[in-house]
Each structure stands twice: as structure tokens, then as C-alpha cells.
Amino acid sequence: MARYSRTEGTIALITLSNPPVNALGAAVRRTITDIMHRALTDGEVKAVVLCGENGTFCAGADIREFGKPPSGPALVPLIHDMEASEKPVVAAIEGVALGGGLEIALGCHYRIAHAKARLGFPEVMLGLIPGAGGSQRLPRLIGIPAALELITTGRLVSAQEALKLGIVDQVVDGNTIETAVKFALNVIGVCRPLLSRRLSERTPAFSVDAAAVLEEGMARVKQRARGAFAPVVCVQALRAAATLPYSRGMETEEQLINMLIDSSQARALQYCFFAQRNARKWSLPSGARWNNSKPRAVHRVGVVGLGTMGRGITVSLVKAGISVVAVEMEEKQMDLGMRAVLGMLERDAQRRGDTRPPTHLLTFTLSLQQLGNVDLVIEAVFEDMALKKRLFTELCNVCKPSTLLCTNTSGLDVDALAVVTHRRSLVVGMHFFAPANVMKLLEVVCGPHSSAEAVATAMTLGKRLGKVGVVVGNCPGFVGNRMMKLYLDQAYFLLEEGAAPEQVDQVLEEFGFTMGIFKVSDLSGLDVGWRVRKASGLIGPDVNPKTPSRWRQGCRYSPLPDLLCEQGHLGQKSGRGWYLYETPGGKEPKPDPAMHRFLQEYRSRYGLTPRHVHAHEVIERCTYAMANEGFRILEEGIAARAEDIDVIYVFGYGWPRHRGGPMFHAAQVGLATVLQRLEHYHQLHPDVPHLQPSPLLQRLVEAGSPPVHHWREHVQHLHSHL
Ligand SMILES: CCCCCC/C=C/CC(=O)SCCNC(=O)CCNC(=O)[C@H](O)C(C)(C)COP(=O)(O)OP(=O)(O)OC[C@H]1O[C@@H](n2cnc3c(N)ncnc32)[C@H](O)[C@@H]1OP(=O)(O)O
């Protein structure tokens, strides 16, 4: 928990010891409070050095304790006693000093950091503010503007930046603890400077500028927060630091943290923290798991297809230091792709102040033969099964027998590709999200033949690329796009019933989505879905001409997006889609009067009487339809955990993190309510079978709505597709 020892005769060395990150659980707080008291009252001790075991100072509060009844001593009195002490207290910071860990360090009189250390207040990412004096001490140390930026964004800083900002006093390359002990010996008995080291006794200069900074900060934070409270409350805490004496500022900080600590947003954000980490812990029915399966070494990767996805994937790989052989079939496409990739790398290097992008890692070629020596191939050609099958057959002949063959398909059958190869166990899906060099999500799609080694290799490669990998089973659309289809269907139906695209989008954005569904559709291009609908036989020559336009495969269907595509309205790229753009390629969506006329004509053609669609209906129909499909996905064993589905939505589909994800949201609303609303909407729309509550949802409600982590136990015939 924490250890006490003496060094150099007069120095007390207190070492936090709670692996893996020395989080401040109740037992740690109790021990450190006791031994700090012992050190501060022991007449032989002249100074104290505080450090953490295993190269990590402290990652802050133990997040697992949030939401449980409080136990153990608070941190504020400990920090206060340390700071008030007449004995110098020196923090030796290795690894990380985060949240409560940094608050302890700010209560020390001096801070020595290792060159590789990182410091920060990430509480905002957990729906909180620094609540043990951090919001009051940091601005007194580094000023309002810098503290505002760090606390409202949760950004971590390097030791070097911390030195520049004045957060630490010295950065060392060598032994941090030894340096801190020497430092402590030097400052023993130097009383005057110690007085000035107590941050609580400093007054932050509150100039007119600071008032403006806070006002601007509040406006910026409100605009970016997408409905999240914590960033706004962070600004309120900083305003207290700037305008109130320390003791009153601390009272305000306490009131503000108490307001947040049990909020639904804090719960959702803390759930996301663990969901993201649990997603790494995959397992297969064979018993193979993340911690017993060895990934293959990947030094050289082939990327086939240099369209939007292939370019982003190539950039991601090169930025991670991996050699790439990028293959295109046509010279013109190759040229366009190559220029785009080089441009992206150039801009990225410039942003990082690096003069030379790592272009030496790239080979562009028109010949698949050059893939003979790669360890893994990522296919990113058009969503055309016949084309992909031809390619996979050819790759089998060209690549060495051990090469993993991965497809970036966004929803086609990975197993159908595996069976055309002679190495079924080495085929997996690696579904990146556009733009692939920016988006964090990676769905690793595991077919019935995929080996544990292939899954481990794809997940490990994803981690190297900085992605959040989630292992999912093979079904049309996998997890993300399968649920997305139902979300889109509801959005189209809402237009048919009377809503306008900008109205639906505004409601979704107010809910917290990064972008409304129609803006997303314009950005990705309406033709993407059009191709998928053609391939799946929803439209095209195979449809019986007698089938009504608004009826497909036994259920309600909206031909609205097909009609737009037929008119060449493909979204941003054509200057018109659900919105109007100034020029083709324009980025600024404007409501389109022609779209409103088009919708009116469409409704009258099909005898649909438009009605006012309320905001709550938009949210309920879109999000409950998604969650309902999520329950089916769980029941079918396509996703291992509700958490995995939520991670996919938060990292790949702009779902607001402070609402946890569609499954967590359903739990927060109350499963009984979700069930009842789905029944209501299904009664109104019996031609939409997907609104019928899923059997798993019904069983969970019957079982008294257990917490998310227990849902899987209610799956009737547990069968994993993973
Ligand atoms: C009366 C109550 C006392 C209040 C005290 C004052 C209040 C302070 C508020 C806070 O301090 S809130 C917490 C602020 N800190 C954070 O948000 C840090 C969160 N952690 C991270 O950012 C990262 O984990 C890391 C520390 C940078 C390490 O990253 P790395 O990629 O190396 O490892 P991970 O896989 O992320 O983590 C390893 C392992 O550790 C678990 N873990 C990490 N941090 C915490 C934590 N603060 N509490 C509990 N558990 C933590 C993580 O879940 C992993 O566990 P696993 O089982 O191996 O998946």
C-alpha cells in the first residue's frame, strides 16, 4: 500500500505501492496518512521524499471505488498537513502523476520528475473535476490560462512541458529518487523559501485578462462539451480559484465535486474507461484468450487498394513505423493515392514540427507480386465480393504461406473470403473507420476458421496503430454497421413521417452525437450505402417489379436515399445530398429548400400525412432501435459483452462518451422503459420488425433489469460467434 523507510539518516522515504498504477484506494490513503504523520512528527526526520513503486508515481483515485459508499480517509487533510509542514516534502515523479496523484505532488514543496514522466488532471474524462485541491492549487502555480486548458481538456503533459509551465522544479534522466533525496538534503532548514512553496498561500493574480480568459474558456468549453457537464464545472472551479481566497475556493471545489460525483454522466464516463480496457481482453470458444495467445511479428504490411480507406490505413501504418507495400491496379489511381498519402504524411510531420515524414517506409506498386515478402496484407478494395474473392485467391498464390490475409470490408462475409484461400485460419477482418488515420476504432472480425494467432496479431497491430480494437463475430455489417442500418432506417422513416434532415440532426447533436446522421451520410457519400443495398438485393434488377417501392424483404423500406443517389445527390462530394453545399466537395452543410420540396412531393406521392415529430421521438426511435439490435447481437454471440458494443459506438460512430454507449444508455434509461417504448413504437409500426423488443431485452426486464455486466448470463443458448 505504502512503505516507510529512512535514508541518509534524516530523510523519510515514503513509497506508494499499489500495483499496477499505485491508485489511491482507501487502504492506500489510510497507510499513507499514517506514515506521513509518523514522518512529520518524528524528530529525527528532517525532510520527506514521496515516490511510487515500479516506476509509477500515482495514477490518482482508484476509479473502481467511485459509485461505492465512501470509506477510508479523505485526501484533502493529508495534502494540507504535508504542505503545512515545516519539513520539506519532495515528490519524486516517475511514470505518471495523474489526478489525485498530481494533487498530492502539488501539496509537496518541490517536484522532481523523470524525463519520461507524464502529468495531468484527466478527471474531466471521468466526469469529474480535480477534487482534492487541484483546481485551486494548479492555477496558483501556473496561472489561470494554462490551468484552464489542462483541467478542461484533461490533457497530459510531458515532464519537459511541465518544467516549462512551472509544474515541476527539475527534470532528470537518471535516478529520480536519488536526485530527489539529494535535493531534499539541500533544502533542509531553508525555511524562508519553504513558505513560498505552499501553493495554498499564493494568490493567483486576477487581472481583467483572466476574467476574459475564463469567459472565453466557458464559451469554448460549452461549444465543445456536447452536453457534458464536467468541462463546464471545471471552469466554475477555476473561476473560484481566481476570485476567492483559497479556503473559500476549496469549499466551492468540494460543492462542485459533490455535485458531479454521483451524476449519471460520471458513471457513464467511468464505465467507458473500463469498457475500453476490457475490450482488449478477448476470448474465443476454443479457450484461446488475449493473455494466452501469441501474436506474430509484423514488420512489413501490404495494403491493397488506395482509395480513401487504403490511404488512411497506409498513413496509420507508416506513422507507427511499419513498412508498407501499397498496391493499386491502375496507374491513375496509384498516382492519386500516392500523392494523397504523401500529402497526409507531410502535413502530419509539419504539425509535429518534424521536417521529414517517414516516406522511406513506403513502396508504391502496380504489381501484387511485390507482396511476396509481407507479413500481413490489408485488403481495402471496393465492397464487391466477387472482386475480393479474386483478390484473395491471387494473394494466396503471391504471398508467403505464413502471411495473414485481412480484409477491411465494412460488412461482407469474412468467412466467404476465407474459404477461397488455402489458409482459412490466417484470414480475419480488420475493419477500420474513415478517416482511418484518425478514427480510433478497429473491429477485428473473427470468422469460424480464424486462428487465435491471427486474432492476436490483428489486435496487437491495432494497438501499435493507436487503435481501440474490439473482437467481433462475422455477420452482415458486424456490430457497428449492423446497428447503424437500423439507426439509419429510423432516420429515413422519420423524414417520411414529417421531419426534416436538419431537424433530426439537431436533435441528435443536442443529445451529444459528434454529427447528426444525415451530415454523416453526406460526409461518407450516399453511394456507399447505395452499393451495399444493390449488393444485398434490396434494389436493382433482381427485385420483382411488382414489389411496392416502400416494401422490401417483408418489411417497411424507405427508398429516399436511393432516389437521391439516382439524381446524383451523393452528399458533400457532389455538392448536394441531404443538405446543400456551396460547391462539390464543400464542407458546410446548409438546409436545402429543394430537399424540403422533394420530401413534400414524396410524402404526397405515397399518401403520407406529415406530422410534427418531437425531439424525444427522434432520440427514442434511433437509440432504442440500435440498442434492441445490440441485444440481438449479444444473444447471437456476435459481441462478447455489452461493453464491447458501447466501445464500438463511442470510438467509431461519434456516440457521446458521457452517455456511455447505446447499451449503457438503455440501462440508464431503464430497461423496462426501453421495452415499453419499443412495444409502443412497434404497435404503431408493425411493418418494422426490428422495433419488436428482442427476447433478451424481455428476459432482462423479467429478471429485474440486472446491471450491464450481468446481461450475458441471461442469454438463453450461449453460443459464441467469436
Ligand atoms: C475519497 C476518494 C479519494 C479521492 C482522491 C482524490 C480524487 C482524485 C480524482 C482522481 O484522481 S480521478 C482518477 C484520475 N486518474 C486517471 O484518470 C488515470 C486513469 N488511468 C490512465 O490514464 C492509464 O491507466 C495510465 C495510468 C496512464 C496507464 O496507462 P496504460 O496504458 O499503461 O495502462 P492501462 O491499461 O490504462 O491501465 C493498467 C491497469 O490499471 C488500471 N487503472 C489505471 N488507472 C487506474 C485508476 N486510477 N484506478 C483504478 N484502476 C486503474 C486499468 O484499468 C488497467 O487495469 P486492467 O485490469 O489491467 O485492465
Side-chain angles (χ1 to χ4, degrees), residues 16 18-33 52-80 93-107 116-138 150-151 153-158 230 233-234 237 250 253-254 256-258 260-263 266-267 269-282 289-291 440 459-460 462-464 466-469 641 643 647 657 709:
L16 293 177
N18 185 22
V21 293
N22 296 331
L24 298 164
V28 177
R29 295 198 307 278
R30 197 169 296 119
T31 324
I32 184 179
T33 302
E53 200 174 59
N54 288 335
T56 294
F57 185 71
C58 172
D62 186 334
I63 303 168
R64 289 166 306 186
E65 286 186 358
F66 291 145
K68 294 188 182 152
S71 68
L75 215 51
V76 171
L78 165 74
I79 297 174
H80 174 269
I93 302 172
E94 297 173 308
V96 290
L98 304 179
L102 182 54
E103 288 176 309
I104 292 183
L106 292 183
K116 291 205 172 129
R118 287 177 304 150
L119 301 88
F121 282 127
E123 282 88 336
V124 71
M125 300 299 291
L126 300 168
L128 303 173
I129 59 168
S135 74
Q136 304 304 299
R137 284 196 176 86
L138 188 67
L150 292 188
I151 291 178
T153 60
R155 184 171 73 84
L156 308 193
V157 293
S158 64
V233 179
C234 286
M250 285 298 284
E253 186 193 78
E254 190 182 352
L256 294 174
I257 184 94
N258 285 342
L260 292 174
I261 198 114
D262 285 325
S263 67
R267 293 250 156 88
L269 287 159
Q270 290 154 24
Y271 163 85
C272 282
F273 176 85
F274 290 113
Q276 180 183 348
R277 281 156 183 84
N278 288 341
R280 296 190 298 232
K281 298 171 187 167
W282 55 271
R289 297 161 55 83
W290 61 284
N291 54 0
K440 297 278 272 179
M459 286 293 278
T460 306
K463 192 167 179 208
R464 275 174 79 188
K467 305 291 177 201
V468 177
R641 292 169 282 235
E643 284 171 296
V647 168
R657 199 177 161 100
H709 303 99

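Any value given below was found using the heavy atoms of this structure, including those in side chains, with hydrogens, waters and symmetry copies removed. We count ligands from 1, going down the list as the structure has it; atoms in each ligand are counted the same way.
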Trainee: Run the numbers for me: atoms of ligand 1, each under 4.0 Å from some heavy atom of Phe274, listed by number.
Mentor: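 Counting from 1, the qualifying ligand atoms are 53 (O).
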Trainee: Return the closest protein heavy atom for atom 19 (C) of ligand 1 as residue, atom name and distance.
Mentor: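 The answer is Phe273 CE1, 3.5 Å.
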Trainee: Would you call Val28 and Leu16 a side-chain contact if the rule is heavy atoms closer than 4.5 Å?
Mentor: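 Yes, their side chains come closer than 4.5 Å.
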Trainee: Is there a donor-acceptor pair closer than 3.5 Å between any side-chain N or O of Arg277 and the backbone N or O of Phe273?
Mentor: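 Yes; at least one donor-acceptor contact below 3.5 Å.
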Trainee: Protein non-hydrogen atoms only, distance under 4.0 Å: does atom 31 (O) of ligand 1 have such a neighbour?
Mentor: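 It does not; no protein heavy atom is within 4.0 Å.
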Trainee: Which residue supplies the protein heavy atom nearest to atom 48 (N) of ligand 1, what is that atom called, and how far is it?
Mentor: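 Heavy-atom neighbour on the protein nearest atom 48 (N) of ligand 1: Ile63 N, 2.9 Å.
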Trainee: Give me the atom names and distance for the closest heavy-atom approach of Gln136 to Glu253.
Mentor: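 So the two residues come closest at N-OE2, 3.9 Å.
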Trainee: Check whether any side-chain heavy atom of Ile79 sits under 4.5 Å from a side-chain heavy atom of Arg137, and report yes or no.
Mentor: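 Yes, close enough: below the 4.5 Å cut-off.
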Trainee: Can you find a pair of side-chain heavy atoms, one from Val96 and one from Thr56, that are under 4.5 Å apart?
Mentor: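 Touching, per the 4.5 Å side-chain cut-off.
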Trainee: At under 4.0 Å between heavy atoms, is it the side chain or the backbone of Pro20 that contacts ligand 1, or both, or neither?
Mentor: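 Within the 4.0 Å criterion, Pro20 contacts ligand 1 through side-chain atoms alone.
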Trainee: Please state whether Leu128 comes within less than 4.0 angstrom of ligand 1, counting heavy atoms only.
Mentor: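 Under 4.0 Å: no for Leu128.
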Trainee: For atom 47 (N) of ligand 1, tell me which residue out of Ala23, Ala61, Cys58, Gly60 has the closest non-hydrogen atom.
Mentor: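 Considering heavy atoms of Ala23, Ala61, Cys58, Gly60, the nearest to atom 47 (N) of ligand 1 sits in Ala61.
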Trainee: Give the residue and atom name of whichever protein heavy atom lies nearest to atom 35 (O) of ligand 1, and the separation in Å to one decimal.
Mentor: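 Answer for atom 35 (O) of ligand 1: Arg280 NH2, 2.6 Å.
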Trainee: Can you list the ligand 1 atoms lying under 4.0 Å from a non-hydrogen atom of Leu75?
Mentor: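 Listed by number with element, the hits are 5 (C), 6 (C).
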Trainee: Nearest to atom 51 (C) of ligand 1, what protein heavy atom do you find, and at what distance?
Mentor: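 Here the nearest protein heavy atom works out to Val21 CG2, 3.9 Å.
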Trainee: Does some side-chain heavy atom of Trp282 sit less than 4.5 Å from a side-chain heavy atom of Met459?
Mentor: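 The answer is yes; the side chains approach within 4.5 Å.
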Trainee: Would you say Leu98 contacts ligand 1, with heavy atoms under 4.0 Å as the rule?
Mentor: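 Yes.
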Trainee: Which option, Met125, Lys281, Lys463, owns the non-hydrogen atom nearest atom 57 (O) of ligand 1?
Mentor: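 Closest candidate by heavy-atom distance is Lys281.
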Trainee: Can you list the ligand 1 atoms lying under 4.0 Å from a non-hydrogen atom of Leu126?
Mentor: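 Listed by number with element: 12 (S), 13 (C), 17 (O).
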Trainee: Compare every heavy atom of Glu643 with every heavy atom of Asn278, then report the nearest pair and how far apart it is.
Mentor: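 In this case the closest contact between Asn278 and Glu643 is ND2-OE2, 3.1 Å.
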Trainee: Heavy atom of Phe121 under 4.0 Å from ligand 1?
Mentor: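 Contact absent.
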Trainee: Quick check: does any side chain N or O of Asp62 sit under 3.5 Å from a backbone N or O of Ala23, one acting as donor and the other as acceptor?
Mentor: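 Between the backbone of Ala23 and the side chain of Asp62 there is no qualifying donor-acceptor contact (under 3.5 Å).
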Trainee: Would you say the side chain of Ile257 lies within less than 4.5 Å of the side chain of Leu128, judging by non-hydrogen atoms?
Mentor: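 Yes - at least one pair of side-chain heavy atoms lies under 4.5 Å apart.
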Trainee: Distance to 0.1 Å, residue and atom name: give those for the protein heavy atom nearest to atom 49 (C) of ligand 1.
Mentor: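 Protein heavy atom with the smallest distance to atom 49 (C) of ligand 1: Asp62 OD1, 3.3 Å.
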Trainee: Can you list the ligand 1 atoms lying under 4.0 Å from a non-hydrogen atom of Gly100?
Mentor: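 Atoms satisfying the 4.0 Å criterion: 8 (C), 10 (C), 11 (O).
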Trainee: I need the nearest protein heavy-atom contact for atom 9 (C) of ligand 1: residue, atom name and distance, please.
Mentor: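 Checked against all protein heavy atoms, atom 9 (C) of ligand 1 sits closest to Glu123 OE2, 3.5 Å.
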Trainee: Any cation-pi pair here, Arg267 with Tyr271, using under 6.0 Å and within 45°?
Mentor: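 Pair Arg267/Tyr271 does not count as cation-pi.
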Trainee: Does Arg29, backbone or side chain, put an N or O under 3.5 Å from an N or O of ligand 1?
Mentor: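 N/O-N/O distance under 3.5 Å: no.
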Trainee: Would you mind reporting whether Lys440 and Gln276 have side-chain heavy atoms less than 4.5 Å apart?
Mentor: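 No. Closest side-chain heavy atoms not under 4.5 Å.
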Trainee: Judged on heavy-atom distance to atom 24 (O) of ligand 1, which of Arg277, Arg64, Glu65 sits nearest?
Mentor: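 Checking each option, the heavy atom nearest atom 24 (O) of ligand 1 is found in Arg277.
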Trainee: If you look at every heavy atom in Gln270 and Leu126, which pair is closest and at what distance?
Mentor: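 Taking Gln270 first and Leu126 second, the nearest heavy atoms are NE2-O, 3.0 Å.
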Trainee: Quick one: nearest non-hydrogen protein atom to atom 26 (C) of ligand 1, plus distance?
Mentor: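 Here the closest protein heavy atom is Ala59 CB, 3.7 Å.
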